[in-house]
Amino acid sequence: MGSHPGFENLHELRRLCHWGPIIALSVVGVCSTVAILDSIIWFWPLDSTGGSVNFIMLINWTVLILYNYFNAMFVGPGYIPLGWKPENPQDTLYLQFCRVCRGYKAPRSHHCRKCNRCVMKMDHHCPWINNCCGHLNHAYFTSFLLLAPLGCIHAAFIFVMTMYTQLYDRISFGWSSVKIDMSAIRRSHHPIMPFSISAFAATLFALGLALGTTIAVGMLFFIQMKVILRNKTSIEVWIEEKARDRIQYYQTGEEFIFPYDLGGRWENFKQVFTWSGVPEGDGIEWPVHEKCHQHTLTIEQLKQKADKRVRSVQYRVIEDYNGACCPVGKGFRTFIRTPCTEEPRIPLTRGETIFATRGTKWWMYGDKVLEEEQTQGSVCVCVCVCVWLFLIGEDCTVCKGLCGL
């Protein structure tokens, strides 16, 4: 039986009840509101054509930013159907099986633990939209990353000009002091709204938000455009790097060609951005390089999974860990060096077995072996060096280079 549409819509609206959308929409709301009020003070739209154009552009930025933001959030990335399998049974040999979705992962798809689904052409899970960025919403997300800095630059210009024009006649310079008289009335302009101390503070605060957003979101935009112009995702960039490392490590002599780079930036660009707003493809089959096929990348992923199992080191847990993000009871150095990642911290019980694939001095990344001999995904495992968590049956020299003991 399918779920009721009303419940699905309610579930989508719940995406707003998260710290990411709350902060993002608050920044948009503060910058837009203060910019509109400052426009009324600085450049009243009914006085001139320039003021009208400035005001319309400001409203336009806000509408476009919110349009692309909500589409990125609610359209979603697109999900592989539960229980999906390829039409040709032989193709299952080249695909990974997802135990959670109980189906095969289509090419370019990955399972997201936050969304609890296999996502089409998954780029990453973005906390700011509380959803994944993938096949269907990649264009909306990237457009939001472009429009937000542009709108903030316009707003920042309004903030600066408002403060300059309103404070110009109110600042007097002495030999050893600077005096600002906010009660002074400007001689050349009588704004429809007063520019008080609170208005000055709000404008200054909004200016800081606008500049910070321009830098942070602008950098994310350039990162996204870099991978889009190569028809890649952030995950596929990482897979490609690991492919080169694997080939170099084993000296296999293989030539790995990324299959989805169509050779030209414009061709790659059109795979994401279209006039209709709907990206090219169905999210399962993709146009590929002439020297590749549909499963070139999935075969490489299977090779990397096998290599990961070969390189992993088995450990046995000797102390319980409750899976806390920042374990206070495991020592100060472990606490302050918590990895900056959304990967889940898995609870551990004394006697359980883990396979660590990589790690730092205080934390490990790996899999926990379940009773039914299944594994959970890559997780962070607390090493707890500061309380001398030594490993059963292992010499300390074996642990060096992985946990730092």
Side-chain angles (χ1 to χ4, degrees), residues 1-3 76-125 132-136 138 231-247 250 252 254-262 271 279-312 343-344 355 357 366-379:
M1 293 180 64
S3 58
Y79 302 108
I80 302 298
L82 295 174
W84 179 85
K85 58 183 180 181
E87 295 181 0
N88 184 1
Q90 188 72 18
D91 292 342
T92 59
L93 299 175
Y94 313 124
L95 300 173
Q96 299 180 69
F97 185 81
C98 178
R99 292 188 177 91
V100 178
C101 298
R102 298 185 178 183
Y104 288 91
K105 298 180 182 178
R108 310 192 80 175
S109 69
H110 302 273
H111 186 82
C112 174
R113 295 187 188 90
K114 297 289 184 180
C115 299
N116 204 33
R117 289 290 299 274
C118 286
V119 176
M120 294 179 177
K121 193 188 171 187
M122 180 177 175
D123 186 87
H124 68 288
H125 184 91
C132 276
C133 174
H135 175 56
L136 295 180
H138 204 172
N231 203 11
K232 300 178 182 178
T233 65
S234 300
I235 295 177
E236 289 167 351
V237 170
W238 174 237
I239 294 173
E240 187 178 26
E241 291 178 359
K242 289 194 294 183
R244 294 196 181 99
D245 291 341
R246 182 187 62 81
I247 293 171
Y250 291 106
T252 60
E254 300 175 61
E255 180 188 10
F256 178 75
I257 299 175
F258 183 76
Y260 305 115
D261 188 345
L262 302 181
Q271 292 297 307
E280 295 287 342
D282 59 1
I284 294 178
E285 293 189 4
W286 308 91
V288 296
H289 190 276
E290 59 183 7
K291 295 183 179 180
C292 303
H293 54 81
Q294 286 293 321
H295 300 105
T296 297
L297 191 66
T298 59
I299 292 173
E300 174 58 34
Q301 289 177 263
L302 291 173
K303 291 179 180 179
Q304 293 179 12
K305 290 287 185 181
D307 181 46
K308 179 180 176 181
R309 288 192 290 269
V310 170
R311 295 195 193 189
S312 62
E343 296 285 355
F355 285 94
T357 55
D367 305 319
K368 183 176 82 169
V369 180
L370 304 180
E371 292 181 359
E372 57 271 22
E373 296 185 353
Q374 295 179 353
T375 59
Q376 295 183 0
S378 179
V379 295

Peer 1: Indicate every side-chain donor-acceptor pair of residues 232-242 with a distance under 3.5 Å to a residue at least two apart or in another chain.
Peer 2:
| from | atom 1 | to | atom 2 | distance (Å) |
| --- | --- | --- | --- | --- |
| K232 | NZ | E240 | OE1 | 2.4 |
| K232 | NZ | E240 | OE2 | 3.4 |
| T233 | OG1 | M122 | O | 3.4 |
| T233 | OG1 | E236 | N | 3.2 |
| S234 | OG | D123 | OD1 | 3.3 |
| S234 | OG | D123 | OD2 | 3.1 |
| E236 | OE1 | R108 | NH2 | 2.9 |
| E236 | OE1 | T233 | N | 3.1 |
| E236 | OE2 | R108 | NE | 2.8 |
| E240 | OE2 | R244 | NH2 | 3.2 |

Peer 1: Closest heavy-atom contact between I284 and D282?
Peer 2: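 It is N-OD1, 2.9 Å.
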Peer 1: Using ring-ring contact (aromatic ring centres under 6.0 Å, His included) as the criterion, list what pairs up with F97, not counting sequence neighbours.
Peer 2: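 So F97 forms a ring-ring contact (aromatic ring centres under 6.0 Å, His included) with Y104.
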Peer 1: Can you name the closest pair of heavy atoms from C133 and P77 and give their distance?
Peer 2: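 Looking at all heavy atoms of both residues, the closest pair is C-CB, 4.2 Å.
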Peer 1: Taking T357's backbone N and O only, do any of them form a donor-acceptor pair with R311's side chain (distance below 3.5 Å, no angle check)?
Peer 2: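 It does not hold such a pair.
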Peer 1: Rounded at 0.5 Å granularity, tell me how far CD1 in I299 sits from CG in L95.
Peer 2: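 One finds 9.0 Å between CD1 of I299 and CG of L95.
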Peer 1: Tell me, with the steps shown, if T296 and E300 meet side chain to side chain contact (heavy atoms under 4.5 Å, CB included).
Peer 2: CA-CA 6 Å; T296 297; E300 174 58 34; over 6 Å; no
Peer 1: To the nearest 0.5 Å, what is the distance between NZ (K121) and SG (C132)?
Peer 2: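 One finds 14.0 Å between NZ of K121 and SG of C132.
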Peer 1: What's the verdict on side chain to side chain contact (heavy atoms under 4.5 Å, CB included) for D261 and H289, showing C-alpha distance, side-chain angles and the deciding distance?
Peer 2: CA-CA 6 Å; D261 188 345; H289 190 276; 5.9 Å; no
Peer 1: Of all heavy-atom pairs between L136 and G76, which one has the smallest distance, and what is that distance?
Peer 2: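 Minimum heavy-atom separation between L136 and G76: CB-O, 3.3 Å.
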Peer 1: Assess whether side chain to side chain contact (heavy atoms under 4.5 Å, CB included) is satisfied between N231 and L262, documenting all intermediate values.
Peer 2: CA-CA 7 Å; N231 203 11; L262 302 181; 4.2 Å; yes
Peer 1: What is the distance from atom CZ of F355 to atom CZ of R309, rounded to the nearest 0.5 Å?
Peer 2: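 Atom-to-atom, F355:CZ and R309:CZ are 11.0 Å apart.
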Peer 1: Go through the structure and list residues passing side chain to side chain contact (heavy atoms under 4.5 Å, CB included) with P81, not counting sequence neighbours.
Peer 2: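 Scan of P81 (side chain to side chain contact (heavy atoms under 4.5 Å, CB included), adjacent residues dropped) gives W84.
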Peer 1: My understanding is that only residues two or more places apart in sequence, or in another chain, count here; which of them pass ring-ring contact (aromatic ring centres under 6.0 Å, His included) with H135?
Peer 2: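 Partners of H135 under the ring-ring contact (aromatic ring centres under 6.0 Å, His included) test: W286.
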Peer 1: Residues two or more places apart in sequence or in another chain: which of them pass ring-ring contact (aromatic ring centres under 6.0 Å, His included) with Y79?
Peer 2: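 Expected list: none.
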Peer 1: Considering non-hydrogen atoms only, spot the tightest contact between Q304 and A243 and give its length.
Peer 2: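 Closest heavy-atom pair between Q304 and A243: NE2-N, 3.2 Å.
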Peer 1: Which heavy atom in Q301 sits nearest to a heavy atom in H110, and how many Å separate them?
Peer 2: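 Between these two residues, the closest heavy atoms are NE2-CE1, 3.4 Å.
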Peer 1: Starting at NZ of K305, measure out to CG of D307 and round the result to the nearest 0.5 Å.
Peer 2: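 Result: 12.0 Å between the selected atoms.
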Peer 1: Are H125 and R113 side-chain neighbours, meaning at least one heavy-atom pair lies under 4.5 Å?
Peer 2: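 No, too far: nothing below the 4.5 Å cut-off.
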Peer 1: Hey, could you give me the SG/CZ distance between C98 and R117, rounded to the nearest 0.5 Å?
Peer 2: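 The distance works out to 9.5 Å.
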Peer 1: Testing the basics here: between H111 and N116, what is the closest heavy-atom pair and its distance to 0.1 Å?
Peer 2: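 In terms of heavy atoms, the two residues are closest at CE1-C, 3.6 Å.
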Peer 1: Go through the structure and list residues passing ring-ring contact (aromatic ring centres under 6.0 Å, His included) with H295, not counting sequence neighbours.
Peer 2: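 For H295, the residues satisfying ring-ring contact (aromatic ring centres under 6.0 Å, His included) (neighbours in sequence not counted) are Y94.
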